[in-house]
Amino acid sequence: MVDGIHDMGGMHGFGGIVREENEPVFHAEWEKRAFGVALQAADGVGFGDDHLRASIERIPADVYLRSGYYELWIHSIQEVMERRGVLTKAEIETRMAALAEPGRAAGGGGVTLDEVDAAMAAGASTKRPEAKAEPRFAVGDPVLVGNDHPAHHTRSPRYCRGRRGKVIADHGVFVFPDTNSRDLGETRSTATRCGSRPRTSGARRRGPATRSASTCGSPTWSRLRLRSPGVPETCIRPALPFLSRHEADKAPPEGPTARFHATGGPISWIAASF
Amino acid sequence: MVSHGRERPESDMALRVRAIEELLTEKGVVDPTGIDRLVELYETRVGPRNGAKVVARAWSDPGYKARLLENGTVAIAELGVSGVQGENMVVVENTGAVHNVVVCTLCSCYPWPVLGLPPVWYKSPPYRSRVVREPRAVLEEMGCPVSDDMEVRVWDSSAEIRYMVLPRRPEGADGASEDELAGMVTRDGMIGVAAV
C-alpha cells in the first residue's frame, strides 16, 4: 500500500509537534507486553520488519491516524500471525472473553535472560555482505527517482518520486523489502517468477526502469547515464534519494541555504543482479 | 499518533495483547520471562546514555571520532554498544557549516542501541511530515534554530541504515572529563533537534 497514509513525508495538515517532558519509555503496561510480544514473535515465527511494516501499511488510513504506535504493532502482529496460520481471529476473541473473567494468569517459558540479552546485542542485520552484486551506481552519479506507485510495500517515499539526485554513499547489499515483505524472497533474483528478465546493459535509457522490472521490484532509480556497457546491471534501491533541489542546475527555491539532502538509508541498496 | 481511547479503549487493547501473549506462549512462540527481560532492557539499560558515551568519546579522542565517522557500527561496538535496530549505523557530524537532523518519514526507524526506543513525537505525523519539507521551521519550533548560512541535511532513515547525529562540542567545556561531557549530551541532540 505504497501510497498510504504512512508515507507522510512532505504532507500538510498535521499541526505542531508535541513533545512530552520526561516521557516514559512505555505509556501503559500493555505497551510493554506488545513490544516484547512483537520482538519475540518475529523471531519465533520468522518474519521481520518488512512484513510488519507492509502489514501496518494495509491498516485503513482513519484507523492508522487514531491508533497509538503499539496499537499499530498489535494490529500487524495479529494480521501476520493469522496469515501465517499461527493464530486465528476467533481464537483471540475467545481468549479475550475468557480473560475478561477475573483470576487468570499467563504461564511461564524456557528462555534464559542471558539468551535474551545476547540476541538483542547481536541484532538481526538485513545486510548481506556475502551477496555479490555489481553496483549499478557510483558515488556522484546523477539519478532520477522513478515515479512508481506499486501497490505493495516500498521504501521510496512519495516526496522523492520523480526527483533527480546524486548518489552520495554506497552502504552495500541489503535484503530487498519490496519482495521480502511479500514472501517473494530477499532479492529480486529470487523473485524472478514475477517477471524480471535479463537486461541488456548497453541500452540507452533515461527515466524510470522498464515495466518488467516494475512488476517485480519496481526499481525506484534509473541511471541517467549508463556507465560501463558490458557490466550486468544491478538493481540499486535507495531508501530515500535526494530531492531535486540539490541539483546544481536548479536554483534552490529558498535560496542557497535552504537546500537539503534528503539522503536515505541505503543509497546503493543493491538487491540483486538481473 | 496519540491514542484518544474512544474507538479503542485501552482495556480492550490490554485484553487483546494479553490474549495474544497467552496464546503465543502456549504455542511456544513467545516467552513471558523473555518479554519481561526485553522490557527491562529498554526501560533501564538501552537508551540515550549509550549514545552520549559515544559522543563524549568522539569529542575527547580525535582518532575515535575519525573511526566513528568512517564506520559508525564498528566504532560504536568498540564501546560495547550494538544490537537490534542498530546493526548498520551511520554517524553524521554537525559542524559550523552543516546541521544534520534524522527522521523516518515512512515509519519509526531509530537507532535503538544508542538512543533507546523513540519518543512519541518522533513517530508522530507532524514531525514525519514536516521535517523533510520545512526542516528549518521545525528546528526553530523545537528550540534549535539553525542560522541561514548553514546547510541543513535531513536524513530519512527508512530502516536498513540508522543514523545518529554527532553534535558539536559545546564551547567552554574544554576541561571537562569524558563523563562530564557525556552528561551534557541529550537524546534530542543526537536526533538533531537540539544543539547538544
Side-chain angles (χ1 to χ4, degrees), chain A residues 6-11 14-20 23 25 28 30 32-34 36-37 39-41 44-45 49 53 66 68-69 71 74 87 91-92 95-96 99-100 106-109 111 113 116 120-121 123-127 155 157 159 171 174 239-240 257 260-266, chain B residues 1-4 7-8 10 13-25 27 29-35 37-39 41-43 82-84 87-88 105-107 117 119-121 123 125-129 132-133 135 141-142 148-149 151-161:
Chain A
H6 71 285
D7 185 2
M8 47 182 59
M11 286 178 74
F14 287 119
I17 294 154
V18 179
R19 284 203 274 189
E20 180 182 348
E23 183 179 332
V25 175
W30 69 263
K32 301 180 185 182
R33 307 314 291 177
V37 164
L39 291 182
Q40 287 206 332
V45 174
D49 291 349
R53 287 176 60 164
R66 66 168 180 256
Y69 183 63
E71 288 182 273
I74 284 301
L87 292 175
E91 210 177 2
I92 295 168
R95 183 60 60 96
M96 284 174 70
L99 283 174
V111 72
L113 301 187
V116 174
M120 295 309 287
S125 180
T126 54
K127 193 167 188 171
R155 298 287 170 74
Y159 72 96
H171 292 300
F174 285 80
L240 179 58
T257 57
F260 58 92
H261 310 267
T263 58
Chain B
M1 224 183 312
V2 175
S3 173
H4 304 299
E7 272 79 15
R8 190 176 288 281
E10 179 172 307
M13 187 48 71
L15 217 51
R16 183 172 302 278
V17 173
R18 252 178 93 193
I20 291 173
E21 180 180 341
E22 271 199 19
L23 289 165
L24 291 179
T25 301
K27 293 167 194 278
V29 173
V30 305
D31 179 313
T33 314
I35 293 173
R37 184 58 154 206
L38 288 168
V39 170
L41 276 177
Y42 288 91
E43 281 194 317
S82 68
V84 164
E87 293 92 345
N88 299 285
T105 62
L106 294 176
C107 188
L117 300 181
V120 167
W121 63 260
K123 302 176 283 191
Y127 183 72
R128 285 160 57 191
S129 62
V132 291
R133 177 186 284 276
E141 187 177 309
M142 297 184 83
D148 285 349
D149 58 351
E151 181 183 354
V152 175
R153 293 182 185 166
V154 182
W155 302 82
D156 196 340
S157 300
S158 204
E160 279 63 31
I161 304 294

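Computed from a predicted model, the values in this text were never measured in an experiment. Every chain is numbered from 1, with letters handed out A, B, ... down the list of sequences. The basis for the numbers below is simple: all heavy atoms, side chains too, and nothing from hydrogens, waters or symmetry mates.
- Of the residues considered (A:M120, A:R33, A:R53, A:K127), A:R33 shows the highest number of contacts with chain B, using heavy-atom pairs under 4.5 Å.
- Looking at A:I17, the atoms closer than 4.5 Å to chain B (heavy atoms on both sides) sit in the backbone and in the side chain alike.
- Of the N and O atoms on the side chains of B:T25 and B:D31, not one donor lies less than 3.5 Å from an acceptor on the other residue.
- The backbone N or O of A:M8 lies less than 3.5 Å from no partner atom in the side chain of B:T105, so there is not a single donor-acceptor pair.
- If you measure heavy-atom distances from B:L41 to chain A, the contacts under 4.5 Å come from the side chain alone.
- B:R37 meets the salt bridge (charged side-chain N to carboxylate O under 4.0 Å, His left out) test with A:D117, B:E40; sequence neighbours excluded.
- Contact count versus chain B (heavy atoms, under 4.5 Å) is highest, among A:G44, A:G10, A:A41, A:G15, for A:G10.
- Contact of A:V37 with chain B is made through backbone and side chain together, with heavy-atom distances under 4.5 Å.
- Shown here are the side-chain contact (heavy atoms from CB on, under 4.5 Å) partners of A:V25, two or more places apart in sequence or in another chain: B:E43, B:L117.
- Rounding to the nearest 0.5 angstrom, the gap separating the CD atom in A:E91 from the CD atom in B:E22 is 11.5 Å.
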